[in-house]
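Accompanying notes for the structure given below.
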Amino acid sequence: MATPTIARRLLTALRQRLTRRRHYAELRDYDPRLLRDIGLRWERGHLVAFDAESERDSETVQRRQRAETRDAHETCPRCGSRLT
């Protein structure tokens, strides 16, 4: 009973690996800009997805910079008190 299960799992794993290799081979021909539009990039010969956390962090940084700019317009440049 264990032999057919092992054989089936091996065949499934082999099919998945061959399919993945074929897809990677197709993506190697794509322009990096097209891959970026899809949300992928090549890193050290491996296809990886863009990190969503780093994008979220960059949005947080931009939001913080906008808030600092807004605060700069609402404070006096000489004494630092809030302008009303």
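- Once rounded to the nearest 0.5 Å, the distance linking CZ of R28 with CG of L35 reads 10.5 Å.
- Residues passing the side-chain contact (heavy atoms from CB on, under 4.5 Å) test with R9 are T5, sequence neighbours excluded.
- Just one residue in the list H23, R21, R17 forms a side chain to side chain contact (heavy atoms under 4.5 Å, CB included) with T19, and that residue is H23.
- Atoms CG and CG, from L34 and L40 in turn, are 9.5 Å apart once rounded to the nearest 0.5 Å.
- Evaluation of the side-chain contact (heavy atoms from CB on, under 4.5 Å) rule for R20 yields Q16, Y24 as partners, not counting sequence neighbours.
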